[in-house]
**Student:** 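First the structure, then my questions, so here it is.
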Protein chains: 2
Amino acid sequence: MEFEQLMLDNQLCFPVYAASRLIIREYQPYLDNLGITYPQYLVLMVLWETDNIPVNDISQKLILNTNTVTPLLKRMEAEGFIKRQRSESDERKVIVKLTRKGKLLQVKAASIPESLASGLVSDTMNLGEMNDLKDKLCKLINYLLQKNR
Amino acid sequence: MEFEQLMLDNQLCFPVYAASRLIIREYQPYLDNLGITYPQYLVLMVLWETDNIPVNDISQKLILNTNTVTPLLKRMEAEGFIKRQRSESDERKVIVKLTRKGKLLQVKAASIPESLASGLVSDTMNLGEMNDLKDKLCKLINYLLQKNR
DNA sequence: TATATTTGCATCGCGAACGATATAATCTGT
DNA sequence: ACAGATTATATCGTTCGCGATGCAAATATA
């Protein structure tokens, strides 16, 4: 191999990219059950924590552009999980709020992280290692966010 | 908070998902320079390591379905980076091979990992931590692959 | 108070990513 | 030898993800 640095296994990005898709695949059956996608699940988690927030707050928390979030929210509104309405104090803002259907989903979703975690934690990867992994990723994310501000 | 487990920060998946997108964003300017996307860069890395392989080998190495890889390869063929041709020994297979243009790109790409690494490694995340992060992700990936086989 | 700039959201187009499905070539068991 | 299963790839439709761009409301500045 002439260019060792150009090998999948020698790079950080590919494992992150592959792991992301594989973990989301693990979510799939649970989310199918609720009739939502993974990005939609993320939006709901944000709203379950803080309801009645503008589009921008959601895109900031999920580190997604508004041109990704807007269509996502429209689909969720069409499915009846959320409502979108212009802010009266600032007509530029669109406030997103949970419907009853969206709120009720929280109860159904409550068991997902538990189920997932027990599926991920194994003999090769215990809870401590998992937390260390999470912490390192968060450090990396914060560094990249700050760097490109 | 009623359902602590349903918080973005308490889960592993979101950091992996967000980190994946953020790191790929870091690649963006370098890849734009070469006229390729990140998944296309992955395909090229596979081919630079082993040329003349069937579609399935590529999708296996990248952990992507063929219905993702086939259109990806078609776009790369249209751009002149690769060629696709039916195998003679097994007419089901389509063999993918680099063109001269695709091979030449390797030289141009050689400096990317170096540039990226120096951009990612920082005071908050040194090389050792980065390698540990990579190893844990690879363990997780292998576990998930094996589990769902 | 006009004008310029910024902010917040949306639209468009393209390239992934993947489930469902199709089709042809190959292999398997009888 | 041949019907049925398997393998390899491709097509279709939907949902992201994002760069480029547009537009109206709010804010800053002259």
Side-chain angles (χ1 to χ4, degrees), chain A residues 13-14 17-29 31-33 35-43 53-79 81-82 84-96 148, chain B residues 13-14 17-29 31-33 35-44 53-60 62-79 81-82 84-96 148:
Chain A
C13 189
F14 178 67
Y17 163 78
S20 171
R21 288 183 296 105
L22 285 175
I23 302 179
I24 291 175
R25 277 187 206 176
E26 293 291 311
Y27 273 93
Q28 209 59 47
L31 297 179
D32 283 351
N33 227 26
I36 55 177
T37 64
Y38 182 71
Q40 289 173 9
Y41 172 65
L42 293 180
V43 169
I53 52 173
V55 173
N56 201 34
D57 284 26
I58 295 174
S59 66
Q60 294 256 322
K61 288 194 186 181
L62 301 184
I63 319 178
L64 288 166
N65 301 330
T66 55
N67 54 0
T68 296
V69 174
T70 295
L72 186 55
L73 293 175
K74 281 181 147 188
R75 285 186 290 268
M76 295 180 72
E77 187 174 35
E79 295 288 335
F81 298 118
I82 60 163
R84 301 181 313 140
Q85 54 188 47
R86 286 274 161 196
S87 163
E88 293 186 8
S89 60
D90 185 340
E91 292 266 337
R92 290 171 307 179
K93 293 185 181 175
V94 168
I95 305 298
V96 181
N148 301 316
Chain B
C13 189
F14 178 67
Y17 163 79
S20 171
R21 289 183 296 104
L22 286 175
I23 302 179
I24 291 175
R25 276 187 207 176
E26 293 291 311
Y27 273 93
Q28 208 60 46
L31 297 179
D32 284 350
N33 228 24
I36 56 177
T37 65
Y38 183 70
Q40 290 174 8
Y41 173 64
L42 294 180
V43 170
L44 287 174
I53 52 173
V55 174
N56 201 35
D57 284 25
I58 295 175
S59 66
Q60 293 257 326
L62 301 183
I63 319 176
L64 288 166
N65 301 329
T66 55
N67 53 0
T68 297
V69 174
T70 295
L72 187 55
L73 293 175
K74 281 181 147 187
R75 284 187 290 268
M76 293 179 74
E77 187 174 35
E79 295 288 334
F81 298 119
I82 59 163
R84 302 181 311 141
Q85 54 189 47
R86 288 275 159 192
S87 163
E88 293 187 7
S89 60
D90 185 342
E91 291 268 337
R92 291 172 305 181
K93 292 184 181 174
V94 168
I95 305 298
V96 182
N148 300 317

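Letters A, B, ... are given to chains in the order of the sequence lines, protein chains preceding strands, and every chain is numbered from 1.
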**Student:** For B:Arg75 and C:dC14, give me the distance from atom CZ to atom P, rounded to whole Å.
**Tutor:**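 Interatomic distance, CZ of B:Arg75 to P of C:dC14: 12 Å.
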**Student:** Measure the distance from CG on A:Asp32 to P on C:dG19 and round it to the nearest whole Å.
**Tutor:**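 Taking atom P of C:dG19 as the reference, CG of A:Asp32 is at 9 Å.
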**Student:** Within the pair A:Asn65 and D:dG19, is there a side-chain N or O less than 4.0 Å away from OP1 or OP2?
**Tutor:**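 So the side-chain polar atoms of A:Asn65 do come within 4.0 Å of the phosphate oxygens OP1 or OP2 of D:dG19, strictly under.
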**Student:** Nearest whole Å is fine: how far is C:dG15 P from B:Leu42 CG?
**Tutor:**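 Spelled out: CG on B:Leu42 to P on C:dG15 is 17 Å.
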**Student:** Under the 3.5 Å rule, do the base of D:dT9 and the side chain of B:Arg92 count as making a donor-acceptor pair?
**Tutor:**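 No pair found.
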**Student:** Quick check: on DNA chain C, is the nucleotide nearest B:Ile63 upstream (toward 5') of the one nearest A:Asp90, or the reverse? Name the residue that is more 5'.
**Tutor:**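 The answer here is A:Asp90.
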**Student:** Scan A:Arg92, A:Lys93, A:Arg86 and name whichever one has a side-chain hydrogen bond (donor to acceptor under 3.5 Å, both in side chains) with A:Asp90.
**Tutor:**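 It is A:Arg92; the other options fail the test.
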**Student:** Please walk me through it: do A:Glu79 and A:Gln40 pass side chain to side chain contact (heavy atoms under 4.5 Å, CB included)?
**Tutor:** CA-CA 11 Å; A:Glu79 295 288 335; A:Gln40 289 173 9; 5.6 Å; no
**Student:** Among the nucleotides C:dG15, D:dA10, C:dA17, which one has an atom lying closest to any side-chain atom of B:Thr37?
**Tutor:**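 The answer is C:dG15.
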**Student:** Using heavy atoms to find the nearest nucleotide of DNA chain D for B:Arg86 and A:Leu72 separately, return the residue whose nucleotide is more 5′.
**Tutor:**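 Its nearest nucleotide lies further toward 5', so the answer is B:Arg86.
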**Student:** Report yes if at least one side-chain N or O of A:Thr68 is closer than 4.0 Å to OP1 or OP2 of D:dG17; otherwise report no.
**Tutor:**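 Answer is no, no contact under 4.0 Å.
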**Student:** Does A:Tyr38 have a side-chain nitrogen or oxygen under 4.0 Å from the phosphate oxygens OP1 or OP2 of D:dT15?
**Tutor:**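 For A:Tyr38, the contact criterion (side-chain N or O under 4.0 Å from OP1 or OP2 of D:dT15) is not met.
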**Student:** May I have the distance from B:Ile95 (atom CD1) to C:dA25 (atom P), rounded to whole angstrom?
**Tutor:**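 Those two atoms, CD1 and P, are 16 Å apart.
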**Student:** Quick one: label A:Gln28 by what it contacts on the DNA or RNA (base, sugar-phosphate, nothing), any heavy atom closer than 4.0 Å.
**Tutor:**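 If one applies the 4.0 Å heavy-atom cut-off, A:Gln28 turns out to touch nothing in the nucleic acid.
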**Student:** Heavy-atom nearest nucleotide on DNA chain C for A:Arg21 versus A:Asn67: which residue maps closer to 5'?
**Tutor:**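 Between the two, 5'-proximity favours A:Asn67.
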**Student:** Check the distance between C:dG8's P and A:Gln85's CD and give it to me in whole angstrom.
**Tutor:**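 About 19 Å, once rounded to whole Å.
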**Student:** Using a cut-off of 4.0 Å on non-hydrogen atoms, how would the nucleic acid contact of A:Thr66 be classed: base, sugar-phosphate, or nothing?
**Tutor:**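 Counting heavy atoms under 4.0 Å across all strands, the contact made by A:Thr66 includes a base.
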**Student:** How long is the straight-line distance from CG of A:Asn67 back to OG of A:Ser59, given to the nearest 0.5 Å?
**Tutor:**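 That separation rounds to 9.5 Å.
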**Student:** Within the pair A:Thr70 and C:dT11, is there a side-chain N or O less than 4.0 Å away from OP1 or OP2?
**Tutor:**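 No, because none of the side-chain N or O atoms of A:Thr70 sits under 4.0 Å from OP1 or OP2 of C:dT11.
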**Student:** Output the rounded distance in Å from CD (B:Gln60) to C1' (D:dA8).
**Tutor:**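 Distance check: B:Gln60 CD to D:dA8 C1' gives 11 Å.
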**Student:** For C:dA10, take OP1 and OP2 only and decide whether either is under 4.0 Å from a side-chain N or O of A:Lys74.
**Tutor:**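 Indeed not, no polar side-chain atom of A:Lys74 lies that close.
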**Student:** From CD of B:Glu91 over to P of D:dT9, roughly how many Å is that when rounded to an integer?
**Tutor:**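 In whole Å, D:dT9 P lies 12 Å from B:Glu91 CD.
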**Student:** Ignoring backbone atoms, establish whether A:Asn56 has a side-chain N or O less than 4.0 Å from OP1 or OP2 of C:dG8.
**Tutor:**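 So the side-chain polar atoms of A:Asn56 do come within 4.0 Å of the phosphate oxygens OP1 or OP2 of C:dG8, strictly under.
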**Student:** Indicate yes or no for a side-chain donor-acceptor contact from B:Thr68 to the backbone of B:Leu64 under 3.5 Å, with no hydrogens or angles considered.
**Tutor:**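 A pair under 3.5 Å: no.
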**Student:** Could you walk me through whether A:Arg84 and A:Leu73 pass side chain to side chain contact (heavy atoms under 4.5 Å, CB included), step by step?
**Tutor:** CA-CA 8 Å; A:Arg84 301 181 313 140; A:Leu73 293 175; 3.9 Å; yes
**Student:** Does OP1 or OP2 of C:dA17 have a side-chain N or O of A:Tyr17 closer than 4.0 Å?
**Tutor:**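 It does, given that an N or O in the side chain of A:Tyr17 lies less than 4.0 Å from OP1 or OP2 of C:dA17.
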**Student:** CD1 of A:Ile24 versus P of D:dC16: gap in Å, rounded?
**Tutor:**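 Roughly 11 Å, once rounded to whole Å.
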**Student:** Looking at every non-hydrogen atom in both residues, tell me the closest pair between B:Arg21 and A:Ile63 and how far apart they are.
**Tutor:**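 Closest approach of B:Arg21 to A:Ile63: NH1-O, 2.6 Å.
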**Student:** For A:Pro71, report the nucleic acid contact type (base, sugar-phosphate, nothing); a contact means any heavy atom under 4.0 Å.
**Tutor:**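 Touches nothing.
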